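Report on one structure; see the data block that follows.
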Amino acid sequence: MKYLLLLSLLIPFTGMAQPPGDTALMKRHKVRSSVACIAQVNDPQVRQYRTVDSSIYDRQGRLSLQRTYSWYGQPGFTERRFLYNSYDQLISTLTSGTTSIRLKDSVTYDAQHRAVAQIAFIGDASLVLTDKVIAYSKKQARITDRKNPQFIKIKVREDDQHGRLKEERLYDKVVSDDSVEEKEVYQYAPWPSMAVTGKMTYRRLRGGPLLLYTEEHYMADSSYSMSRTYALNEEHKLLEEVHTSRKADSLNVIRYRTMEGRLAPCKREVILLDSRGLKTAALYYLLDPSGRERLYQEMKYEYRFN
């Protein structure tokens with residue numbers, strides 16, 4: 001079980017497309033399909049919705065098919081199909097559609113349910129894009145690409161005294177302070193709780209200095225979170241701050257950005273939830289520096305159940 005968090009980071013890193021959505025929530029309420037529609041709100045009295053996403057779930061509540069349309073009204077769509085093994089692990093993603101090439105990802109797992117290989121190719125495998133292998137040792141995973149011998153990434157994890165993930169670092173080629181590409185540090189509520197109350201993330205661009213630092217803080221009951229993102233190459237300049245508050249029937253997200261030397265609100269998002277916790281609508285507002293808001297976009301969600 002100690003490698004579950006590591007695995008969750010490795011697969012997105014190696015390029016495997018991850019299915020969106022809350023599998024446990026969909027399974028609990030036996031959701032069979034969902035549709036998301038969008039309306040650009042120019043006139044508050046007019047709502048012209050069009051579908052931007054339609055999804056189908058299998059009997060286990062796992063996303064099996066998703067078709068995504070342009071948010072901006074252009075014709076065409078991208079379709080993704082997902083396959084899983086008996087342990088609910090994603091083993092294959094097939095991407096196709098009128099707006100994308102036919103691309104397939106597949107992942108192989110070992111007996112400990114860790115990803116050990118990932119391959120991505122176009123069409124009928126005539127053009128292999130990546131062929132990555134993941135080798136594990138104690139607290140470490142080494143990712144190499146047989147298509148590109150120069151590609152070497154190393155993930156190192158450190159646990160606290162209770163076995164919870166305390167720190168994880170991603171290195172380029174060798175383990176050294178100069179080769180750290182990303183570092184994540186976790187904070188937890190007092191033991192025996194497993195609730196994450198804080199997370200700090202450091203990122204650098206290719207070969208350069210550390211550029212971004214994001215700190216996130218959560219209430220143990222998930223009722224509130226706050227994140228701040230800084231530019232480290234500009235003397236720890238605050239770029240963005242996001243506040244999220246949760247109620248039984250809604251989420252409220254306010255985004256602030258630094259403009260002309262001061263932090264000012266710029267966007268607000270309100271997500272409405274039904275009694276099951278499923279999204280029913282999302283309202284998007286633009287905010288001026290004084291905090292006045294204008295509704296500019298609206299989403300609604302519909303579900304079909306087994």
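Since the model is a prediction, treat every value here as computed from it, not as a measurement.
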Tell me whether [X] shares a hydrophobic cluster with [Y], the cluster being built from Ile, Leu, Val, Met, Phe, Trp, Tyr side chains joined at under 4.5 Å.
X    : Y    : answer
L283 : L273 : no
I38  : L251 : no
Y213 : V185 : yes
Y301 : L25  : yes
L263 : L232 : yes

Does atom [atom1] of [X] have more than 12 heavy-atom neighbours from other groups under 6.0 Å away?
X    : atom1 : value
R81  : CZ    : no
R142 : CZ    : no
D177 : CG    : no

Original post:
With ILVMFWY side chains joined below 4.5 Å, transitively, what does L65's cluster contain besides itself?
Top reply: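 Once heavy-atom contacts under 4.5 Å are chained together, L65 belongs with I56.
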Original post:
Does Y87 sit in a hydrophobic cluster with other residues, and if so which ones, taking ILVMFWY side chains as linked at heavy-atom separations under 4.5 Å, directly or through other members?
Top reply: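 Members besides Y87: none; it forms no cluster.
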State whether the side chain of [X] and the backbone N or O of [Y] hold a donor-acceptor pair below 3.5 Å, judged by distance alone.
X    : Y    : answer
D105 : S92  : no
T78  : T68  : no
R164 : M194 : no
Y171 : D178 : no
Y49  : E298 : no
Y84  : L63  : yes
Q60  : D88  : no
T258 : L238 : yes
K173 : Q150 : yes
S179 : S176 : yes

So that I can tick it off, tell me whether [Y] and [X] are bridged by a salt bridge, with the cut-off set at under 4.0 angstrom between side-chain N and carboxylate O.
X    : Y    : result
E240 : R257 : yes
K153 : D172 : yes
R262 : E260 : no
D159 : K139 : yes
E167 : R169 : yes

Side-chain touch [X]/[Y], heavy atoms, less than 4.5 angstrom:
X    : Y    : result
F82  : T93  : yes
F151 : I143 : yes
V128 : I119 : yes
Y218 : V196 : yes
Y186 : E184 : yes
Y296 : K267 : yes
Q187 : M200 : yes
Y284 : M299 : yes

**OP:** Kindly state each residue pair satisfying salt bridge (Lys or Arg N to Asp or Glu O under 4.0 Å) with at least one member in residues 271-282, sequence neighbours excluded.
**Re:**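 Listed once each, the pairs are D274-R276.
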**OP:** Flag this pair as yes if the NZ/CZ of R114 is under 6.0 angstrom from the six-membered ring centre of Y136 and inside a 45 degree cone about the axis; otherwise no.
**Re:**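 Yes, cation above the ring, under 6.0 Å and within 45°.
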Can you measure from [atom1] ([X]) to [atom2] ([Y]) and round to the nearest 0.5 angstrom?
X    : Y    : atom1 : atom2 : value
Q118 : T130 : CD    : OG1   : 4.5 Å
L295 : R268 : CG    : CZ    : 9.5 Å
K199 : H217 : NZ    : NE2   : 13.0 Å
K247 : L272 : NZ    : CG    : 11.5 Å
E241 : C266 : CD    : SG    : 11.0 Å
L165 : E158 : CG    : CD    : 9.5 Å

To check you understand the geometry: which heavy-atom pair defines the closest contact between [X] and [Y], and what is its length?
X    : Y    : result
Y57  : V31  : CB-O, 3.5 Å
Y109 : A115 : CD2-N, 3.6 Å
L212 : A231 : CD2-CA, 4.5 Å
A264 : M259 : CB-CE, 3.7 Å
A220 : A195 : O-CB, 4.2 Å
S70  : V52  : O-CG1, 4.0 Å

Go through the side-chain N and O atoms of [X] and [Y] and say whether any donor and acceptor fall under 3.5 Å apart.
X    : Y    : value
Y224 : H243 : yes
T214 : T229 : yes
S55  : D53  : yes

Original post:
What do the steps show when you test R157 against E168 for salt bridge (charged side-chain N to carboxylate O under 4.0 Å, His left out), and what is the final call?
Top reply: CA-CA 4 Å; R157 67 173 285 146; E168 188 164 48; 5.2 Å; no
Subject >> Candidate pair L129 and K147, rule side chain to side chain contact (heavy atoms under 4.5 Å, CB included), full reasoning >> reply: CA-CA 7 Å; L129 301 178; K147 285 286 293 182; over 6 Å; no
